[in-house]
Every structure is written in C-alpha cells, then in structure tokens.
Amino acid sequence: MPAELSERLVELFRWIDPGPQSTHLVSDVSGWWRDPAVLAGLGPALAAPFRDARPTVVLAPAVTGLLLGPLAATALGVGFAPAQKAGDGRLPAGATTWAQSPPDFRGRRVDLGVRDRHLGPGDRVLVVDDWVATGAQLHALYAICAARGAEVLGTSAVVLDCPPALAAELRIRGLVEGDRLTPSEG
C-alpha cells in the first residue's frame, strides 16, 4: 500500500491562494483526513520505517501532529506524547520541558513543550509530523528529548521537503517528496 498511499496523498493535496494580502500559497491537507483509506493507511505507513527500532512512544507537535501522532502510535502499539506550542491557548498543565526552534521557513521561532510525565529516560522516541521543510520544530523536539533523557530514533513525516543532508542528519523518512506537491502553473 505505500506506493498507492503516496499516489493518493498527492491526488488529495491542494495549494490554496488565501488572497492578495498573502505572500505565499497555503497547503491544504484536509483531503487526507476525509479519505478513509488514506486515514487508515497513514499510521502504519508512518510507523513502518521505524518499527524494527522498537519505539516506546510517539511524539508529535501540535496541530496536525495531534492527529498523525496517535495514528502512528496505535500502529506501533505504543503511547503518544503531544508537543504543545506556546501561544496557542492550550498550555500544558504541570511540569513541562520547553525548547525553542531555530527559525522556520517564515523566519518564526516556535516554543514547544512536552509534559515531563510523558517523556523520560529509557524512552525510545519516534517523532511524527506532517511536513518537514527546515527541520526547525524537529530540532526543538529533539532538544526536549535530550533534556528528558529520551533517545530519538528519528522522524517519520508525510511530506519530506528538506535537503537530503538535513534528512540524513535528523533521520527523517517521508511518504511523499515535497517536489511532487509543487503548485501547478495557471
């Protein structure tokens, strides 16, 4: 199903022009969530490259990661730890380890936090995200894991849109190459 899933992800993806006030197109992945076969296939496909490494927990950043992370965790039979973003109105309660990302593709730095009780020494972490372009959020998540004594096995992403050297450095595996989602002309 991976090749079939990859093709379906491309078919269901759209670029949206938010209007003249915007400087860029916005990715629309909502078709992925509406298609039951894609939804059923995403968790196992994201888990597959890291299954043999035996993760003990899946970690994913808000917002889309809060859907993808549990799908991958369920496929692996492990738990899920969400990484919240400061400023989104849903700060985690209790002791939390925070890290700030380097600048992302828009120059933003994102503060990410994971509740301490959900991540600790001995954990073998699979990070899951929808799209990796700069790896900025991954750097923050990897820093949180290091601070908590957890081992990062790598990242599984739906869209891999970063340079090969970065993908190798952060051990990223993707289901779709970003250049397959290039906006069409006209």
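Fair warning: this is a prediction, and the values are worked out from it, not measured in the lab.
Rounding to the nearest 0.5 angstrom, the gap separating the OG atom in Ser30 from the CZ atom in Arg14 is 9.0 Å. With rounding to the nearest 0.5 angstrom, the CD1 atom of Ile172 is 10.0 Å from the OG atom of Ser156. Between the CZ atom of Arg115 and the CD atom of Gln84 there is a distance of 7.0 Å, given to the nearest 0.5 Å.
For the salt bridge (charged side-chain N to carboxylate O under 4.0 Å, His left out) test, no residue two or more places apart in sequence or in another chain qualifies with Asp111.
Lys85 contributes no side-chain N or O that, together with a main-chain N or O of Leu112, makes up a donor-acceptor pair within less than 3.5 Å. At distances below 3.5 Å, not a single donor-acceptor pair connects side-chain atoms of Arg108 with backbone N or O atoms of Phe105. Using a distance-only test at 3.5 Å, with no hydrogens or angles considered, a donor-acceptor pair links the side chain of Asp35 to the main chain of Ala37. In this structure a side-chain-to-backbone donor-acceptor pair under 3.5 Å is present from Thr96 to Gly94. When atom types are taken as modelled, the side chain of Ser22 and the backbone of Pro18 share no donor-acceptor pair closer than 3.5 angstrom.
In terms of heavy atoms, Leu5 sits closest to Ala45 at CD2-CB, 3.5 Å. Contact detail for Ala72 and Ala47: the closest heavy-atom pair is O-CB, 4.1 Å. Contact detail for Arg51 and Ala75: the closest heavy-atom pair is NH2-O, 3.1 Å. When all heavy atoms of Ala136 and Ser101 are compared, the closest pair comes out as O-CB, 3.2 Å. Closest heavy-atom contact between Ala133 and Leu166: O-CD2, 4.4 Å.
Each of Val132, Val128, Leu46, Val29 was checked for a side chain to side chain contact (heavy atoms under 4.5 Å, CB included) with Val158, and the lone residue meeting it is Leu46. Checked options Val176, Val159, Leu181; the residue passing with Leu9 is Val176 (criterion: side chain to side chain contact (heavy atoms under 4.5 Å, CB included)). Among the candidates Leu126, Val57, Leu71, Thr56, the single residue satisfying the side chain to side chain contact (heavy atoms under 4.5 Å, CB included) test with Leu76 is Leu126.
Considering only heavy atoms from C-beta on, Leu68 stays 4.5 Å or farther from Val58 through its side chain.
Residue pairs satisfying the ring pair (Phe, Tyr, Trp, His ring centres under 6.0 Å) criterion with at least one member in residues 31-89, sequence neighbours excluded, are absent.
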Handout entry: Evaluation steps, ring-ring contact (aromatic ring centres under 6.0 Å, His included), between Phe13 and Trp131
Key = CA-CA 12 Å; Phe13 179 84; Trp131 197 298; 5.6 Å; yes
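The hydrophobic cluster containing Leu67 does not contain Val114, counting ILVMFWY residues as joined when their side-chain heavy atoms lie under 4.5 angstrom apart, directly or transitively. Hydrophobic cluster membership is shared by Val127 and Leu160, with clusters built from Ile, Leu, Val, Met, Phe, Trp and Tyr side chains linked at under 4.5 angstrom. Both Leu12 and Val10 belong to a single network of hydrophobic side chains, linked directly or stepwise wherever heavy atoms of I, L, V, M, F, W or Y lie under 4.5 Å apart.
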Please output the side-chain donor-acceptor pairs of residues 137-153 that fall under 3.5 Å, not counting sequence neighbours, one pair per line with the distance.
residue : atom : partner : partner atom : Å
His139  : ND1  : Gly135  : O            : 2.9
Tyr142  : OH   : Thr155  : OG1          : 2.8
Tyr142  : OH   : Leu170  : O            : 2.6
Arg148  : NE   : Leu119  : O            : 2.9
Arg148  : NH2  : Asp116  : O            : 3.0
Arg148  : NH2  : Leu119  : O            : 3.1
Glu151  : OE1  : Arg124  : NH1          : 3.0

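Other residues, nucleotides and ligands contribute over 12 non-hydrogen atoms within 6.0 Å of the CG atom of Asp179.
Arg180 and Ser6 share a side-chain donor-acceptor pair at under 3.5 Å.
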